[in-house]
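Notes follow the structure.
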Amino acid sequence: MKLDQSFYQRNDVTKIARELLGKGLFTRFSGKTTGGTIVETEAYSNSERGCHAYQNRMTRRNEMMFGDGGHAYVYLCYGIHNLFNIVTNGAGEADAVLIRALEPLEGVQFMMKRMNVKSERRITSGPGKLTKALGIDRSFNGDPLWSKHLWLEDVGQFIPAGDIVRSPRIGIDYAGKDALLPWRFTVKGNSWLSK
DNA sequence: TAGAGGATTGAT
DNA sequence: TCAATCCTCTAC
């Protein structure tokens, strides 16, 4: 069952980031479905320096973060990688969850083809890689997450609280002390986590 | 309008 | 450890 928009519109981005673990993220083009279960997320909120919308600073790039929860925020990182975020909270509240890793579930062969690799090993173990494997690019920026080409779904997987690990977020040293916030959530011992 | 740098990745 | 690579954002 696809996740309802009310799931995303709650005013608690770290709670949503935690609950997204075990949920399915899928894309479907030309009759081919690809996707997997989320095993690594990071929360970003307008109240801290790691966030593109810190202090509600709106730019052309991040304006989608200010929209309604339940939409995609996709941007280009290092000129090479598309990073996929889920916008949360209500309109005007710029919070988002970065999806950092998936455990492959559907269309593995097709994802391997997109990645141009012969092994399924680590094809979705990083934020730039999973977007490529699923065919997500910046043209998806602002799209709703219940469409027929891109959606999140409850696949019936339950992650016990004891299997969820909190740690500081990756690659945001510029955020000063906010880089220490334990807002990265991972599934303990999962072999598909990013490096 | 020029210049700096980034929520990464894979190779050395 | 380092280059790839191209917007976006900021300052002038």
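All values reported here derive from a predicted model rather than from experimental measurement. Lettering follows sequence order; numbering is per chain, from 1. The basis for the numbers below is simple: all heavy atoms, side chains too, and nothing from hydrogens, waters or symmetry mates.
- One side chain, A:D12 or A:T14, offers a donor N or O that lies under 3.5 Å from an acceptor on the other.
- Lacking a ring centre under 5.5 Å from that of the base six-membered ring together with a plane angle below 30°, A:Y174 does not count as stacked on B:dG6.
- Under the 30°/60° scheme for interplanar angles, the aromatic rings of A:Y75 and A:H52 are found to stand perpendicular.
- Heavy atoms of A:L83 sit under 4.0 angstrom from primed sugar atoms or phosphate atoms, though from no base atom.
- Closest approach to the A:R138 side chain among B:dA7, C:dC7, B:dG10 is made by C:dC7 (side chain taken as heavy atoms from C-beta onward).
- Atom CG of A:L76 and atom P of C:dA4 are 17 Å apart (whole Å).
- Per the geometry, OH belonging to A:Y44 stands 8 Å off P belonging to B:dA7, to the nearest Å.
- To the nearest angstrom, C1' of B:dT8 lies 17 Å from CZ of A:F84.
- In this structure, the side chains of A:Y8 and A:L145 come closer than 4.5 Å at one or more pairs of heavy atoms.
- The side chain of A:I170 approaches B:dT8 more closely than any other nucleotide in the set C:dA4, B:dT8, B:dT9.
- No side-chain heavy atom of A:K132 sits less than 4.5 Å from a side-chain heavy atom of A:L130.
- The shortest side-chain heavy-atom distance between A:E93 and A:N11 does not fall under the 4.5 Å cut-off.
- Side chains of A:L3 and A:D154 form a contact here, defined as non-hydrogen atoms less than 4.5 Å apart.
- Put simply, CD on A:E63 is 14 Å from C1' on C:dC9, counting in whole angstrom units.
- Rounded to whole Å, atom C1' of B:dA7 lies 16 Å from atom CD1 of A:I136.
- Side-chain proximity of A:Y78 to the nucleotides C:dC9, B:dT8, B:dG10 is greatest for B:dT8.
- For A:S191 and A:R122, the side-chain atoms include no donor-acceptor pair closer than 3.5 Å.
- Whole-Å rounding puts the A:Y75 OH to C:dC6 C1' distance at 14 Å.
- Near DNA chain C, defined here as any heavy-atom distance below 4.0 Å, there are no residues from residues 98-126 of chain A.
- Using a 4.0 Å cut-off between charged nitrogen and carboxylate oxygen, A:E19 and A:K15 count as a salt-bridge pair.
- Not one side-chain nitrogen or oxygen of A:R169 sits closer than 4.0 Å to the OP1 or OP2 atom of B:dA7.
- One can find a donor-acceptor pair under 3.5 Å joining the base of B:dA7 and the side-chain atoms of A:H52.
- Checking A:G79 against A:T59, the closest nucleotide of DNA chain C that is more toward the 5' end is the one next to A:G79.
- Backbone-only engagement by A:R61 is indicated by non-hydrogen atom pairs under 4.0 Å involving sugar-phosphate atoms exclusively.
- Distance from the side chain of A:K195 is smallest to B:dG10 among C:dT8, B:dG10, B:dA7.
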Please table the atom pairs, donor to acceptor, closer than 3.5 Å between any side-chain atom in residues 98-111 of chain A and protein atoms at least two apart or in another chain.
from: A:R100; atom 1: NE; to: A:E40; atom 2: OE2; distance (Å): 2.8
from: A:R100; atom 1: NH2; to: A:S194; atom 2: OG; distance (Å): 3.3
from: A:E103; atom 1: OE1; to: A:N190; atom 2: ND2; distance (Å): 2.9

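- The nearest whole Å value for the distance from the CD1 atom in A:I80 to the C1' atom in C:dT8 is 15 Å.
- The nearest whole Å value for the distance from the NE2 atom in A:H81 to the C1' atom in C:dA3 is 11 Å.
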Dot-bracket, DNA chain B: Watson-Crick or G-U, under 3.5 angstrom, [ ] crossing, | other strand? ||||||.||||.
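- Residue contacts shown for A:G50 include a base, since a base heavy atom lies under 4.0 Å away.
- Counting only distance, with no hydrogens or angles, the side chain of A:R114 and the backbone of A:A133 share a donor-acceptor pair below 3.5 Å.
- Counting only heavy atoms from C-beta on, A:Y73 has its side chain closest to B:dA7 among B:dA7, B:dT8, C:dC9.
- For A:I164 against A:F185, the heavy-atom pair with the smallest separation is CG2-CD2, 4.2 Å.
- Taking atom C1' in both B:dG5 and C:dC2, the straight-line distance is 16 Å, to the nearest Å.
- Note on A:R57: a side-chain N or O is less than 4.0 Å away from OP1 or OP2 of C:dT10.
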